[in-house]
Asks: 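I'd like to ask some things about the structure below.
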Amino acid sequence: TFTQNIVIHCLVKVGRYGEAIELFNSMREKRTICPPDVVTYTSIMYSYSVCGQAENCKVVFDMMVAEGVRPNIVSYNALLGAYASHGMHKEALETFKLLKQNGLRPDIVSYTSLLNAYGRSAQPEKAREVFNEMRKNACKPNKVSYNALIDAYGSAGMLKEAISLLHEMERDGIQPDVVSISTLLTACGRCRQLTKIDTILAAAKSRGIELNTVAYNSGIGSYLSLGDYEKALELYALMRTCNVKPD
RNA sequence: UCGUAUAUAUUCG
């Protein structure tokens, strides 16, 4: 079972989902030799999540329960992640409640996924509530949690709040990273505040955060989305100067 | 890091 799980994991990572499911089904058929365990089911749930098939992710989750394997926190988190990626906050919240009903404690991944579900459905205030609840339950938000909340505000047009989280995280002892910066650069375009791009680039520089390709793309994309081609080209030139590869 | 699974950024059809 352990060996097969590793193979399934590899197949999923390289995008050979059909073969992963084939192997999964063969394990279920010959249950006496290598029966699927909680990791097997969860890996398959994850593969459906990656394919954007939240419904099938839930089907496998139910299948696991029906076949006598207890979902653990990672299984619930995989389902939460599938819902979150589609902004399906209602289903995500139900899953979150269900996990607690089954005696499991939400961990940082659970909270961050639920937060993200609200962020993706344009409900930054609900995302903030989840963030606060996380702390109340002695679950310290990390870099990923902060970045997800920054994106929740940025996607909702609340650039001020997004930027102030940069300072809030530092006060909390957490260093912003290139994802934080990239998220904010994207937010500048969505919030139509291109003048903040320079502010954010300066903030990155002063913290020693090196921008990568995605981060430059974010900034250039923000300029382009509002038609500021001059600034877009300028940023592209900076990217070349810094030896960051365009894609 | 200590044999396998889960959460955050650019592309908006």
Asks: Within the 4.0 Å heavy-atom criterion, would you say A:Asp37 contacts the bases, only the backbone, or no part of the nucleic acid?
Replies: nothing

Asks: Please give, in whole Å, the distance from B:rA5 P to A:Phe24 CZ?
Replies: 17 Å

Asks: Using a 4.0 Å cut-off on protein heavy atoms (strictly under), produce a 5'-to-3' string for nucleotides 8-13 of chain B with B for base contact, S for backbone-only sugar-phosphate contact, and - for none.
Replies: BBB-B-

Asks: Test salt bridge (Lys or Arg N to Asp or Glu O under 4.0 Å) on A:Lys58 and A:Glu91; report intermediate values, then the result.
Replies: CA-CA 10 Å; A:Lys58 175 69 157 100; A:Glu91 292 83 353; over 6 Å; no

Asks: What is the distance, rounded to the nearest whole Å, between atom CE of A:Met88 and atom C1' of B:rA7?
Replies: 17 Å

Asks: Roughly how many Å apart are B:rU8 and B:rU4, using the C1' atom of each and rounding to a whole number?
Replies: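 So the two C1' atoms sit 24 Å from each other.
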
Asks: If the C1' atom of B:rA5 is compared with that of B:rA9, how far apart are they to the nearest Å?
Replies: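 It comes out at 24 Å once rounded to the nearest Å.
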
Asks: Across the strands shown, which category fits A:Ser43 at heavy-atom distances under 4.0 angstrom: base, sugar-phosphate, nothing?
Replies: sugar-phosphate

Asks: Are any of the side-chain nitrogens in A:Glu168 or A:Arg128 under 4.0 Å away from the carboxylate oxygens of its partner?
Replies: yes

Asks: In whole angstrom, what separates A:Met45's CE from B:rU6's C1'?
Replies: 9 Å

Asks: With a 4.0 Å cut-off on N to O distance, would you call A:Glu67 and A:Arg31 a salt bridge?
Replies: no

Asks: I need the minimum non-hydrogen distance between A:Cys191 and A:Gly154, along with the two atoms involved.
Replies: SG-O, 3.7 Å

Asks: Measure from the ring center of A:Phe96 to the ring center of A:Tyr111 and say whether it is less than 6.0 Å.
Replies: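 Between A:Tyr111 and A:Phe96, which both carry aromatic rings, the centre distance is below 6.0 Å.
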
Asks: Check the geometry between A:Phe2 and B:rG3 and answer yes if their rings are stacked (centres below 5.5 Å, planes below 30°), otherwise no.
Replies: yes

Asks: Just the rounded figure in Å: distance from P of B:rU4 to CE of A:Met27.
Replies: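 Rounded to the whole Å, the gap is 16 Å.
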
Asks: So, A:Asp172 and A:Lys140, do they make that salt bridge, N to O below 4.0 Å?
Replies: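 Looking at A:Lys140 together with A:Asp172, the answer is yes, because their closest N to O distance falls below 4.0 Å.
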
Asks: So that I know where these two stand, are A:Tyr41 and A:Phe24 an aromatic pair - ring centroids less than 6.0 Å apart?
Replies: yes

Asks: Given B:rU4, is OP1 or OP2 found less than 4.0 Å from the side-chain N or O atoms of A:His9?
Replies: no

Asks: Return yes if the base of B:rA5 and the side-chain atoms of A:Asn72 contain a donor-acceptor N/O pair under 3.5 Å, otherwise no.
Replies: yes

Asks: Could you tell me how far apart A:His89 (NE2) and B:rA7 (P) are, to the nearest whole angstrom?
Replies: 21 Å

Asks: According to a 3.5 Å limit on both distances, what stems of 3 or more consecutive Watson-Crick or G-U pairs are formed with RNA chain B?
Replies: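 Stem list for RNA chain B: none, no run of 3+ pairs.
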
Asks: Output, in order, the C-alpha distance, side-chain angles, deciding distance and verdict of side-chain contact (heavy atoms from CB on, under 4.5 Å) for A:Met63 and A:Arg28.
Replies: CA-CA 11 Å; A:Met63 184 185 287; A:Arg28 292 175 61 225; 3.4 Å; yes

Asks: Assess the residue pair A:Tyr17 and A:Tyr48 against the criterion (ring pair (Phe, Tyr, Trp, His ring centres under 6.0 Å)); give the C-alpha distance rounded to whole Å, side-chain angles, the decisive distance to 0.1 Å, and a yes or no.
Replies: CA-CA 8 Å; A:Tyr17 307 114; A:Tyr48 280 119; 8.6 Å; no

Asks: What's the gap between B:rU6 and B:rU11 when it is taken at their P atoms, as a whole Å value?
Replies: 24 Å

